Amino acid sequence: MAEVEDEVAQHARDRQASILISLVSLWVILPRLLQSLFAPKYRASTGVETPPYVGVANYGQRILFYLIVLFCVWTLVKCLRESPRGRGFAILVLMAPCAYLWLRDEFLGQRPENTRIIYLLVVIAVWAIRPRIRSLATLGYFVGLAVVLSLLLGALLPAKGIFHSSQGTVIAEDKQILPLGLLVGIFTQGNNLGQFIVMGMPAVALIPRRRLRWVLLVLSVFTLVWSASRGSLIALAMMLFAVLVLLAIKKHRAAAGFLLVLGSVALVCVLPFITHDPRAYSNRGYIWTQSLQAWRDNSIGGLGSAWYRLIGTSSATLGGTVFHGHNQLVQLLVTGGIVLALLVGLMLLVTTISAARLASHTTIVGIAFLVALAGTCVFEVSFAFVDNTFVVPVMLLPLVVLVFNRELDDLRAAAKNPPALPHPAASLLAESARRELAGASQP
């Protein structure tokens, strides 16, 4: 009876998590879809105002923002009555980078973004809910929805779904793979679309309906190819390699998964420091060199999250379309210094340990997500600490669910209270009884 009641309660928690995931996903997808349909879309440039959100998109985003806030507060009040068990250190670790950067910006007089409010509230809400990993399948459905909408925009409304300049001409860069232009879909950049899709593919893999799951995965790969986001395609290759390695390894999956994530993160950290050619990686070498040179002016605390926006409006701009450091470590060092980089490193360590434990007992989806996340961080910025609202669903939700989930709670409980071994005499009596029953059953 107790097991039935526990299952019913856990099902209710999973349902709460699915509602939260749906709200956060809609907060990103719906306004961008409405903006794509009702406003002009073209490549953004630093120092040039982009079209503001049209009324329906703006109101939709605000309504969803307040719904998320209210739902998180309601969830916290409701779940705290049941007193969530432990993980106090983990929740502090996950909240610390965002909280520190918020305080740092306040000290520098830079305006924080609403993204940070959502970030902190979602972390606390998921900590209180403790859903099962399979609740991330809800995110997979919304990633699939973004894929389908982006493909439809590219095919039916190319002026909205294909990369265009402000003059209305199609931007056909050398990197395009298909002769159809660069797909941006509901976003404004092909790289943004690629990040969202590849980081969300592990959630798509959790969709229970097999046929739908494989259709969405194939469409996701096709979308990545059409977007020609090279960083996302590299991330996809890294994730597939990690999955194949883990599928081939049965005995030491935890250690293998940990090393795979560690190697991926090491690539993010090392590449900017060993790159000296300014033209390397589509001029990212120049962005990294100049960014790291500016970082050394305040290497401990950083220059604030608005540094790239401020430098983009001055004569010292790094480029007409440079809005961030185009590498996650560079971004962390410039905006929050060594302090922020260490806080994020600790957060990744805690998440990787959780994902490795899950890989050895239940699922490898956590390792796949972390490798994909690191892959996108090589040439882009994929942590939603500043204004990268579009990555919040596919970055924050899997990260938090990986750390605060029912499966890990069960593993910890089993480790603290292992099942009692039967007494030797009881085992002998049971074996004797089985033999007598077997003998009695023979003719």
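These figures come from a predicted structure and were not determined experimentally. Values below: all heavy atoms of this structure, side chains included; hydrogens, waters and symmetry mates excluded.
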Kindly write out the residues that satisfy side-chain hydrogen bond (donor to acceptor under 3.5 Å, both in side chains) with [X], not counting sequence neighbours, or none if the list is empty.
| X | result |
| --- | --- |
| S36 | K41 |
| N298 | none |
| S291 | Y308 |
| D14 | Q10, R132 |

Which class fits the ring pair W295 and F273: parallel under 30°, tilted 30 to 60°, perpendicular over 60°?
->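 Judged by the thresholds at 30° and 60°, the geometry between W295 and F273 is perpendicular.
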Look at the rings of F379 and Y281 and say which category their plane angle falls in: under 30° parallel, 30 to 60° tilted, over 60° perpendicular.
->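 Ring orientation of F379 relative to Y281: tilted.
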Can you check whether L346 reaches L342 side chain to side chain, under 4.5 Å on heavy atoms?
->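 Counting from C-beta outward, L346 and L342 never come under 4.5 Å.
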Check whether any side-chain heavy atom of L217 sits under 4.5 Å from a side-chain heavy atom of M201, and report yes or no.
->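 A side-chain contact under 4.5 Å exists here.
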Would V344 and Q328 satisfy side-chain contact (heavy atoms from CB on, under 4.5 Å), going step by step from the backbone distance to the final call?
-> CA-CA 10 Å; V344 173; Q328 189 61 65; 5.9 Å; no
Listed by chain and number, what are the side chain to side chain contact (heavy atoms under 4.5 Å, CB included) partners of [X], not counting sequence neighbours?
| X | answer |
| --- | --- |
| I162 | P158, H164, V170, L183, W226 |
| L108 | R104, Q110 |
| S22 | T138, F142 |
| I63 | L67 |

For R211, check salt bridge (charged side-chain N to carboxylate O under 4.0 Å, His left out) against everything at least two apart and list the hits.
->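 Expected list: none.
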For R134, salt bridge (charged side-chain N to carboxylate O under 4.0 Å, His left out) partners two or more places apart |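 For R134, no residue satisfies salt bridge (charged side-chain N to carboxylate O under 4.0 Å, His left out) once neighbours in sequence are set aside.
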Using the test ring pair (Phe, Tyr, Trp, His ring centres under 6.0 Å), find all partners of W214 that sit at least two apart in sequence or belong to another chain.
->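 Per chain and number, W214 pairs via ring pair (Phe, Tyr, Trp, His ring centres under 6.0 Å) with no residue.
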Ring pair (Phe, Tyr, Trp, His ring centres under 6.0 Å) partners of W27, counting only residues at least two apart =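 Partners of W27 under the ring pair (Phe, Tyr, Trp, His ring centres under 6.0 Å) test: none.
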Any donor-acceptor N or O pair under 3.5 Å, side chains T376, Q195 |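 T376 vs Q195: no donor-acceptor pair found between side chains.
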Taking every non-hydrogen atom, the tightest pair across P398 and L139 =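 Closest heavy-atom pair between P398 and L139: CG-CD2, 3.7 Å.
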In terms of side-chain geometry, is the basic nitrogen of E380 or R284 positioned less than 4.0 Å from the acidic oxygen of its partner?
->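 Yes, this pair counts.
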Nearest 0.5 Å please: distance from the CH2 atom of W127 over to the OG1 atom of T75.
->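 Rounded to the nearest 0.5 Å, the CH2-OG1 separation comes out at 13.0 Å.
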